[in-house]
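Order of the sequence lines fixes the chain letters, A, B, ..., with proteins taken first and strands second; residue numbering starts at 1 for each chain.
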Amino acid sequence: MTKIPGETAYTAIYRVVRRIPAGRVATYGAVAAGAGLPGQARLVGYALHRCPQGQRIPWQRVVNARGMISRLPDPDAAAGQRVLLESEGIEFDARGAIDLARFGWHDAETR
DNA sequence: CAAGTGACGATGC
DNA sequence: AGCATCGCCACTT
């Protein structure tokens, strides 16, 4: 991952999230690692929390380590995210979790 | 400038 | 197995 001086961790995170292909999901930790911030999963969540719509970040493809959707004080938003992911081909189990072993995305280049 | 907070994760109990 | 706590870092008040 090319480290650009002056770039905040946020931008790096957004870039990684944007690289997540449809039909795949990445965990906060994986995104953090890909962004050059190993162990800083919180920063990823924080960055996505701001939800920069101007960059159209597919934040819905980022889930926690259990493959479940976090945040969601809004049950409506949760359902929307789930449906959106399902429409991309992602399958949820009875617990509402995603099988990371099959849908978990791992950066092949880790640039 | 100091303290609090947060879409998480790992560990302890 | 489920809950409580600490750690990590950036941003807000």
> Which residues, if any, of residues 93-100 of chain A bring a heavy atom under 4.0 Å of DNA chain C?
Replying inline: none
> Pick one: which of A/Val17, A/Leu85, A/Val25 meets side chain to side chain contact (heavy atoms under 4.5 Å, CB included) with A/Gln60?
Replying inline: A/Leu85
>> Looking at every heavy atom in both A/Ile69 and A/Arg82, which two are closest together, and how far apart are they?
In response: CD1-N, 3.9 Å
> Over how many whole Å does the gap from A/Tyr14 atom OH to B/dA7 atom P extend?
Replying inline: 14 Å
> Hey, what do you get for CZ (A/Arg18) to CD1 (A/Ile13), rounding to the nearest 0.5 Å?
Replying inline: 12.0 Å
> Which nucleotide of DNA chain C is the first, and which the last, in the 5' to 3' direction, to come under 4.0 Å of a heavy atom belonging to chain A?
Replying inline: C/dG7 to C/dC11
> Of the non-hydrogen atoms in A/Thr27 and A/Leu100, which two are nearest, and what is the gap between them?
Replying inline: CG2-CD1, 3.8 Å
>> Which heavy atom of A/Ala26 sits nearest to which heavy atom of A/Trp105, and what is that distance?
In response: CB-CE3, 4.0 Å
> Where is the tightest heavy-atom contact between A/Ala47 and A/Pro52, given as atom of each residue plus distance?
Replying inline: O-CD, 4.0 Å
>> Rounding to an integer number of Å, can you tell me how far A/Leu85 CG sits from B/dA7 P?
In response: 19 Å
>> Could you walk me through whether A/Arg61 and A/Glu88 satisfy the salt bridge (charged side-chain N to carboxylate O under 4.0 Å, His left out) test, starting with their C-alpha distance in whole Å, then the side-chain angles of each, then the deciding distance to 0.1 Å, before giving a yes or no?
In response: CA-CA 10 Å; A/Arg61 291 180 194 147; A/Glu88 292 185 349; 2.9 Å; yes
> What are the residues of residues 40-49 of chain A, sorted by number, that bring a heavy atom to within less than 4.0 Å of DNA chain C?
Replying inline: A/Gln40, A/Arg42, A/Leu43, A/Tyr46
>> Does the Lys NZ or Arg CZ of A/Arg50 fall within the cation-pi geometry relative to A/Tyr10 - under 6.0 Å from the ring centre and within 45° of the axis?
In response: no
>> Whole angstroms only, please: what is the CG-P distance between A/Asn64 and B/dG6?
In response: 17 Å
> Which pair of non-hydrogen atoms, one from A/Met68 and one from A/Arg95, has the smallest distance, and what is that distance?
Replying inline: SD-O, 4.2 Å
> So, for A/Leu48 and A/Trp59, which heavy atoms are closest and what is the spacing to 0.1 Å?
Replying inline: CD2-CB, 4.0 Å
